[in-house]
Amino acid sequence: LAKEGRTGVELYQQDKDRNSPERLGLLGDLRRAVDNRELRLHYQPKVDLATGEVRGMEALLRWRHPVRGPIPPDDFIPLAEQSYLMRQLTEYVIDAVMEQAARWWHTGLQVQISVNVSARDLLDSALPDQLEAGLSRFRLPPEAIQLEVTERILMGDQAYTHETIKALAALGVPLALDDFGTGYSSFIRLQRLAASEVKIDASFVQRLSSSEDDERIVRSIVDLVRSLGLRSVAEGVETEEVALKLTGMGCDMGQGWLFGRPMAPADATVWLRERVGV
Ligand code: C2E
Ligand code: CA
Ligand code: CA
Ligand code: CA
């Protein structure tokens, strides 16, 4: 973490200047990284809080820069989002996830894989086409994949009626609303997006043990999510104490270091086999 943090600080200091050589250099490196196979996906489990059963795996992008070493996604995703590169990254991620899903589903590990997509990806008509082609090529049901979207997508009202979102719904690929509570959330908008899961941001979850205000916030999110007929997922669960509180509130699922860290595909497969027993 310390190593990753250092890179982060360097980048944030340059953040003021969008066209700084630092940023442009990193963007150029990222462009090459896709072809040079420097990008990999790690997988983090999502579990049922009441039973401990595995409910899914979230794909998280990892970049090992040949000179700088590992660069955390928070340092390069926002950069990519400001360029056409994000589209290429998402394409890469979905291809890799489809292959992984095929390996797991066709060997008895039928676990849903979640993919993080950017707001702009969700409005790109190439996305449902790519998903449909992948599902058919690998003989996967649409629930094999879930898309995680942040609340930023919900800013424009037009977004809901966008044909890409309709196409995704028609395809049957479920949506989750990511980082809930951090943006401009509204439950009406949430309903219109037709998401099936809401991921409660780690910043609330992690303060559960120390702050009563946060406890009230999380509890009311969990209640509202349930009243809309959706499932709740708590992000960033690190301790048993927090997990117990969440379970008591009726939160459906949890994700975090307590249950499992993001793992390379081989380790994730071993982890899954131990849990699922195949
Ligand atoms: P996110 O989607 O909210 O992912 C959760 C982040 O929390 C991940 O960070 C994960 O490693 C971290 N995490 C999980 N459990 C714990 C915990 O118990 N404690 C703490 N402190 N952290 C935990 P990561 O992998 O660094 O990813 C950061 C963000 O980058 C993600 O946030 C997501 O917004 C973005 N991202 C990652 N991969 C992709 C991708 O393939 N595409 C897009 N568009 N964005 C991605
Ligand atoms: Ca996510
Ligand atoms: Ca999140
Ligand atoms: Ca996040």
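Atoms within a ligand are numbered from 1 in the order they appear, just like the ligands themselves.
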Exercise. Can a non-hydrogen atom of Gln255 be found less than 4.0 Å from any atom of ligand 1?
Worked result: no
For this session: Would you please determine whether Met86 falls within less than 4.0 Å of ligand 1 on a heavy-atom basis?
Result: yes
Problem set entry | Basic-acidic side-chain contact under 4.0 Å: Glu58, Lys199 | yes
Exercise. Does ligand 1 have a heavy atom under 4.0 Å from the side chain of Ile77, from its backbone, from both, or from neither?
Worked result: side chain
Problem set entry | Cation-pi geometry met for Arg275 and Trp271 (6.0 Å, 45°) | yes
Problem set entry | Electrostatic pair Arg32-Asp29, nearest N-O below 4.0 angstrom | yes
Exercise. For the Ca ion (ligand 3), which N, O or S atom of Asp178 is at the shortest distance?
Worked result: OD1
Problem set entry | Atom name in Asp179, limited to N/O/S, at shortest distance from the Ca ion (ligand 3) | OD1
Seminar exercise, completed: In ligand 1, the atoms that come under 4.0 Å of a heavy atom of Asp74 are 28 (C), 29 (C), 30 (O)
Exercise. Which atoms of ligand 1 sit under 4.0 Å from any heavy atom of Gln44?
Worked result: 14 (C), 15 (N)
For this session: Tell me which part of Val237 gets within contact of ligand 1: side chain, backbone, both or neither, using heavy atoms under 4.0 Å.
Result: backbone
For this session: Report, in ascending order of atom number, the atoms of ligand 1 lying under 4.0 Å from any heavy atom of Pro262.
Result: 11 (O)
Problem set entry | Nearest to the Ca ion (ligand 3) - the N/O/S atom of Glu235, by atom name | OE2
For this session: Measure His42 to ligand 1 on non-hydrogen atoms and call it side chain, backbone, both or neither using the 4.0 Å cut-off.
Result: neither
For this session: Look at Lys46 together with Glu197 and state whether they make a salt bridge at an N to O cut-off of under 4.0 Å.
Result: yes
For this session: Indicate, as side chain, backbone, both or neither, the part of Arg62 found under 4.0 angstrom from ligand 1 when only non-hydrogen atoms are considered.
Result: side chain
Exercise. Does any N, O or S atom of Thr150, backbone or side chain, fall under 3.0 Å from the Ca ion (ligand 2)?
Worked result: no
